[in-house]
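To start, the structure itself, in structure tokens.
Predicted model, so just to flag it, every value in this text is computed and none were measured. Throughout, numbering of the chain's residues begins at 1 and tracks the sequence.
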Amino acid sequence: MLKWTAKDSTKASQRGWDLFLSEGEVVQLQLQKCDDLSQFETDADVWEFVVSQAEKSNDSLSTKALTVLSEQTDDAEYRDIMKFTH
């Protein structure tokens, strides 16, 4: 199982997105835009960008982010992203 590291987080944040810890009924990581940067308007824009980078550009960081999300105990975030982008 892959882990999202501080180094991964730094790289992703420089691109305007990151995996953030969400504490609801289930604590999980979510793919979201960095609010401090105006690179993306919405989280959905980030979803489309990251999926595109992973699938079309074979970007290792984007691929890792999606893999980490898919390996969570509750993979609802990953399923929502795939449903939205395909």
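At a threshold of 4.5 Å between side-chain heavy atoms, the hydrophobic network of Ile, Leu, Val, Met, Phe, Trp and Tyr places Phe20 and Phe84 in two separate groups.
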Evaluation steps, side chain to side chain contact (heavy atoms under 4.5 Å, CB included), between Lys33 and Asp45: CA-CA 8 Å; Lys33 68 185 184 81; Asp45 293 336; over 6 Å; no
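A donor-acceptor contact shorter than 3.5 Å links the side chain of Trp47 to the backbone of Leu31. Under the 3.5 Å distance criterion, the side-chain polar atoms of Asp80 are left unmatched by any main-chain donor or acceptor of Glu77. Lys56 contributes no side-chain N or O that, together with a main-chain N or O of Val51, makes up a donor-acceptor pair within less than 3.5 Å. With hydrogens and angles ignored, the 3.5 Å screen pairs no side-chain donor or acceptor of Asp75 with any backbone N or O of Gln72. Checked by atom type and distance alone, the side chain of Ser9 never pairs as donor or acceptor with a backbone atom of Ala6 at under 3.5 Å.
Between Lys11 and Leu61, the shortest heavy-atom distance links the atoms CB-CD2, 3.6 Å. The minimum heavy-atom distance between Val46 and Trp17, with the atom names listed, is CG1-CB, 3.4 Å.
A donor-acceptor pair shorter than 3.5 Å can be found between the side chains of Asp18 and Trp4.
Separating the NZ atom in Lys64 from the OG1 atom in Thr5 is a distance of 4.5 Å, to the nearest 0.5 Å. Within the model, atoms CG of Leu69 and CG of Leu2 stand 11.0 Å from one another, a figure rounded to the nearest 0.5 Å. The CG atom of Asp59 sits 10.0 Å away from the OG atom of Ser52 when rounded to the nearest 0.5 Å.
Using a 30° and 60° split on the angle between ring planes, Phe40 and Phe49 fall in the tilted class, from 30° to 60°.
Within the 4.5 Å cutoff, the side chain of Gln28 has heavy atoms near those of the Gln30 side chain. Between Leu66 and Glu55 there is no side-chain heavy-atom pair separated by less than 4.5 Å.
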